[in-house]
Amino acid sequence: MRVADRTDEVSVDDAVRASVSYDQLRAGDDGVYWLETRPDAEQGTTVTGWRAGDGKRDVSPKNFDVGSGVHAYGGGSFVVAEGTLWCVGGDRLYRRRRDDDELELVGHGCFGDLTIGDGELLTVRESEQGDQLVAVPLTGAPRMRTLVSSPAFLGAPRPGPGRLAWTAWSEHDMPWDACEVWTAAYSPHGEVENPVKLAGGPGESAVEPRWGPDGALYFVSDRSGWWNLYRWDGLTVEAVAPIAGECAAEPWELGYASYGFLDDGRIVAVVQEGPRHRLVVIEPDGTVRPVDLPYTSIKPYLALRGTTVALIGSSPTAAPQVALVDVADIDPPQVEVLASPEHAALDGVRVSTPTELRVRVAGGREVIALVYAPTNSTADWLAPVIVRAHPGPTASCLLRLDWQAQFFTSRGFAVVDVDYLGSTGYGRTFRESLYGRWGLDDVDDCAAVAVHLLSAGRALPGQVFIRGASAGGYTALQAVAQDGPFAAATAVSAIVDPDRWARTVPRFQRAHAMRLRGGAGAVRAAEIQRPVLLIHGTADEVAEADDVQKLAEELTSLGIAPKVLLLPDVGHYVASSRRAGAALEAELAHYRSVLAEAANDQQGLHSGQR
C-alpha cells in the first residue's frame with residue numbers, strides 16, 4: 001500500500017508520465033520481453049527486455065515505433081528467438097539479428113501474431129482481399145510461403161507435434177461472436193494438409209488454441225456461456241476445469257495468452273469475474289487453486305517458463321506493472337516487479353481507491369460500478385462526479401490504478417467507472433445484450449448510476465458529468481442528447497453515426513458496427529442539451545475525425561458551439577499519446593467552466609431573491 005504522507009494534486013506531467021503502457025509480454029531465449037509505450041517519449045512503442053542479472057533494456061532500435069495495424073487493433077507485433085528480434089513497424093515485417101544495429105526488411109504487408117515454430121516464423125498477413133497464414137525461415141533468405149488463405153479472418157497460428165492449429169472467423173462476425181479453431185497435419189517448411197474444424201461456429205467463440213506439453217491441443221470456448229478451457233486429445237474434446245468466469249479476454253487484438261503451461265504439467269490461467277481478475281493454477285485432475293497475488297487486474301499476456309509466470313498486473317494502488325511470479329509454492333507465491341510506471345515524483349502520493357457499487361435497473365438486472373471518491377475525502381463526501389463509460393462496448397471496468405483518473409480525484413472530483421450492458425466479464429448473454437440497443441441501454445445504465453449517486457447525497461444536480469472514449473464517447477454524447485442527470489459530456493475519439501461508422505470502420509470491425517447499430521442511431525446536434533467537449537486525433541483510423549468536426553459545425557450553427565480539441569497526428573488512443581496532457585487539461589477546464597457557470601447562475605438567483 002502507498003504511504004499517505006502527501007496530499008498535493010497529481011500534476012498533468014506526472015499523470016501522463018506514469019501512464020506507461022505495457023503489452024504483449026512474451027518469453028524469449030534468455031528472459032522476458034514486452035512492448036512499452038511511453039506517452040512522454042518521442043519514439044513511440046519500444047520492445048523492452050529483461051534478463052536475470054542484467055535488468056531491463058530496450059531491444060528495438062531507437063526511434064523505431066513497433067506496432068501492427070493488422071485487424072485495425074494489432075497484436076503479436078514482435079517475437080525474439082535465437083538472438084533475433086522479429087518485429088512489425090507500419091506495413092512491414094523486419095528482423096534484427098543479435099548485435100546488429102540495423103533492421104532488415106523481410107516483407108511488405110500488414111502482419112501480426114508473430115509466432116516461432118520449428119526453424120520458421122509463422123504470422124498472419126492481412127490485406128483487403130483477406131488473411132493468410134504465412135511461414136518465413138528463421139535463417140537464410142526470408143522467403144515467404146503461404147500456408148492458409150481466407151477471404152475473411154485468421155489468427156493464432158500455433159505449431160504443434162506434426163500439426164498446426166489456428167483460428168478463423170467470417171467477415172460477418174467478430175471473434176467473440178463466432179470463431180472457429182482449426183487444425184491440420186503440418187511439418188516445418190511443408191504444407192498444410194487435411195484441415196479439420198475442432199470447435200466454434202455460429203453461437204460459439206473458440207479462441208486461443210495452444211499445444212500442451214502432453215501433445216494435446218487446448219483452446220478456450222464460450223459454449224457453456226463462459227469462456228472456459230477445453231482439451232482435444234486427437235479424438236475427443238473435453239472441458240478442463242469449468243469455471244463461472246471468463247478464462248479469456250475479448251479478442252480485440254491478436255496474440256493474447258490468457259493461459260499457459262508449467263513444466264510440471266499444471267496450467268496457469270487468468271479468470272475475469274466482473275471487474276476483477278485473478279490468477280489460478282489448474283491441477284492435472286482439474287482442481288482449481290487460486291494464486292494469492294497483489295493484483296486485481298491482469299492483462300491477457302502470460303509468459304511461462306519452468307515454475308515462473310511473467311504477467312502484467314495492477315491493483316487499486318499500483319498501475320500496470322510487469323512482474324515475475326514463482327508458483328512453485330503458491331502459498332504464498334514470490335513476486336518480483338520488473339518494470340513499473342510510477343516515478344519518484346509520485347512516491348508517497350495518496351491515491352483514491354474504489355468501492356464497488358451495485359445499482360438495480362429495470363428488469364431486475366444489476367449494474368456494477370467502481371466509485372473513486374475524491375482523494376483525502378471523508379466517508380460522507382459530496383463532490384462533483386465524472387461518470388466514465390468505458391471504450392467498449394465489449395470492454396469492462398478495470399480495477400487498477402489509473403493516474404489520469406487520480407488527476408481528477410486529487411482535484412476534488414469523484415470518478416465512477418460503469419460496467420454497462422455489453423461489457424465482458426459477465427458471460428456471453430450479457431456481452432451480446434447490447435446488440436441493437438446501443439445508445440439506449442448503455443446510456444440508461446450510466447444514468448442509473450448517476451441518479452443513485454444524486455439520491456444518495458454524493459453529488460448535487462448540475463455537478464454530474466459523463467465522459468467516454470471511442471464507443472464510450474458515443475454513449476456520452478447520447479447521454480446528453482436527452483433529458484437526464486448529466487450537466488455536460490466529454491467525448492474522446494467518439495463514434496458519432498453508427499451507420500456511417502459501419503461503412504468507414506476498418507474491415508475487422510465492420511461486423512461489430514453492423515450488430516450494434518439499430519439502437520439510438522446517429523447523434524443529432526439538435527438534440528444535444530448540455531455542453532460538450534469533443535477531443536479527437538486527426539490520425540484516428542477507427543473513428544474518423546470528420547464526423548466529429550461535422551457535429552461541431554452543426555452544433556455551432558445552432559448557437560451551442562462545443563469545445564473542440566483536435567490533436568494533430570494522434571490516433572485512436574488519446575490517453576497513451578504524446579498529447580494526453582493537453583486532453584486532460586482541456587477536460588478539467590471543461591468541467592470547471594460548467595461548475596463556474598452553474599455557481600454564477602445560482603449566485604444570480606440568490607441576488608434576485610434578496
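Keep in mind it's a predicted model, so treat the numbers as computed, not measured.
A 4.5 Å side-chain heavy-atom check between Val443 and Tyr420 finds every atom pair outside the cut-off. Side-chain contact between Thr353 and Ser315 is absent, with no heavy atoms from C-beta onward closer than 4.5 Å. Side chains of Arg517 and Asp499 form a contact here, defined as non-hydrogen atoms less than 4.5 Å apart. Within the 4.5 Å cutoff, side-chain heavy atoms of Lys299 are placed close to those of Arg400. A 4.5 Å side-chain heavy-atom check between Gln406 and Thr375 finds at least one atom pair inside the cut-off. Looking only at side-chain heavy atoms (C-beta outward), Val532 and Lys563 stay at 4.5 Å or farther from each other. Side-chain atoms of Val387 and Cys446, non-hydrogen and from C-beta on, do get closer than 4.5 Å to each other. Looking at heavy atoms from C-beta onward, Thr490 lies out of side-chain contact with Ile386 at the 4.5 angstrom threshold.
Between the Ser577 side chain and the Val570 main chain, no donor and acceptor come within less than 3.5 Å of each other. Between the Glu585 side chain and the Val12 main chain, no donor and acceptor come within less than 3.5 Å of each other. Under the 3.5 Å distance criterion, the side-chain polar atoms of Thr504 are matched with a main-chain donor or acceptor of Arg500. Of the possible polar contacts, one joining the Glu342 side chain to the Ala319 backbone as a donor-acceptor pair under 3.5 Å is found. Remark: side-chain polar atoms of Glu126 are not paired, donor with acceptor, to backbone N or O of Asp131 under 3.5 angstrom. Side chain of Arg524 to backbone of Ala522: a donor-acceptor contact under 3.5 angstrom is found. Using a distance-only test at 3.5 Å, with no hydrogens or angles considered, no donor-acceptor pair links the side chain of Thr45 to the main chain of Glu36. The main-chain N or O of His172 is found under 3.5 Å from a side-chain atom of Arg515 such that the two form a donor-acceptor pair. With hydrogens and angles disregarded, a donor-acceptor distance shorter than 3.5 Å links the side chain of His536 to the backbone of Ala543. Between the Ser60 side chain and the Val47 main chain, a donor and an acceptor come within less than 3.5 Å of each other.
No hydrogens or angles considered: nothing links the side chains of Thr424 and Gln272 as a donor-acceptor pair under 3.5 Å. For the residue pair Trp501/Glu544, the side-chain donor-acceptor check at 3.5 Å is not satisfied. Tyr295 and Gln321 share a donor-acceptor pair across their side chains, judged by distance under 3.5 Å alone.
Between His590 and Phe465, the ring centre distance reaches or exceeds 6.0 Å. Centroid-to-centroid, the aromatic rings of His512 and Trp438 stay 6.0 Å apart or farther. For Phe153 and His71, the gap between ring centers is short of 6.0 Å. The aromatic ring centres of Trp252 and Trp176 sit less than 6.0 Å apart. Under the 6.0 Å cut-off for aromatic ring centres, Tyr301 and Tyr22 do not qualify, their centroids lying 6.0 Å or more apart.
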Q. After noting the C-alpha distance and the side-chain angles of Leu370 and Val416, does the key distance pass the side chain to side chain contact (heavy atoms under 4.5 Å, CB included) rule?
A. CA-CA 6 Å; Leu370 300 176; Val416 183; over 6 Å; no

Q: List the steps, then state whether side chain to side chain contact (heavy atoms under 4.5 Å, CB included) holds for Ser150 with Gln132.
A: CA-CA 6 Å; Ser150 168; Gln132 296 175 324; over 6 Å; no

(Q) Between Ser396 and His390, is the side chain to side chain donor-acceptor pair (under 3.5 Å) condition met? List the steps. (A) CA-CA 6 Å; Ser396 61; His390 62 67; over 6 Å; no

Q | Stepwise side chain to side chain contact (heavy atoms under 4.5 Å, CB included) check, Glu587 with Phe408 | A | CA-CA 10 Å; Glu587 187 174 349; Phe408 291 102; 3.6 Å; yes

Q: Could you walk me through whether Glu356 and Leu399 pass the side chain to side chain contact (heavy atoms under 4.5 Å, CB included) test, one step at a time?
A: CA-CA 10 Å; Glu356 186 176 293; Leu399 189 56; over 6 Å; no

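The structure places OG of Ser576 at 9.0 Å from CG of Asp23, a figure rounded to the nearest 0.5 Å. Within the model, atoms CG of Leu154 and CG of Leu254 stand 10.0 Å from one another, a figure rounded to the nearest 0.5 Å. Remark: Asp177 CG to Glu250 CD distance equals 12.0 Å, nearest 0.5 Å. Taking CG of Leu398 as the reference point, atom CG of Asp417 lies at 8.0 Å (rounded to 0.5 Å). Separation of atoms CD1 (Ile312) and CD1 (Ile298) is listed at 11.0 Å; rounding is to 0.5 Å. Between Arg92 atom CZ and Ser68 atom OG the span is 13.5 Å, to the nearest 0.5 Å.
If you run side chain to side chain contact (heavy atoms under 4.5 Å, CB included) between Pro251 and each of Trp169, Tyr73, Trp227, only Trp227 comes through. With Phe78 as reference, Leu35 is the one residue of Leu35, Val88, Val59 to meet the side chain to side chain contact (heavy atoms under 4.5 Å, CB included) rule.
Applying the salt bridge (charged side-chain N to carboxylate O under 4.0 Å, His left out) test to every pair with at least one member in residues 472-496, sequence neighbours left out, gives these pairs: Asp483-Arg530.
Shortest non-hydrogen contact noted between Asp113 and Gly155 is OD2-C, 4.0 Å. In terms of heavy atoms, Phe508 sits closest to Met174 at O-SD, 3.2 Å. Pairing each heavy atom of Ser258 with each of Leu302, the nearest pair is O-CD1, 3.6 Å. For Gly274 against Asp419, the heavy-atom pair with the smallest separation is C-OD2, 4.2 Å. For the pair Ser423 and Phe430, the tightest heavy-atom approach, listed with the atom from each and the gap, is O-CD2, 3.4 Å. Between Thr538 and Pro568, the shortest heavy-atom distance links the atoms OG1-CA, 3.4 Å.
Between Arg388 and Asp402 a salt bridge is recorded (basic side-chain N to carboxylate O distance below 4.0 Å). Comment: Asp58 engages Arg38 in a salt bridge, judged by a side-chain N to carboxylate O separation of less than 4.0 angstrom. A salt bridge is absent between Asp442 and Arg437: the closest approach of a Lys/Arg side-chain nitrogen to an acidic carboxylate oxygen does not fall below 4.0 angstrom. In summary, Arg507 and Glu171 do not engage in a salt bridge, as defined by a charged side-chain N under 4.0 Å from a carboxylate O. Between Arg365 and Asp445 there is a salt bridge, since a side-chain N of the basic residue sits under 4.0 Å from a carboxylate O of the acidic one. Ion pairing between a basic and an acidic side chain is recognised when a charged N comes within 4.0 Å of a carboxylate O; Arg431 and Glu246 show such pairing.
Counting non-hydrogen atoms of other residues, nucleotides and ligands closer than 6.0 Å to CD of Glu541 gives a total of 12 or fewer.
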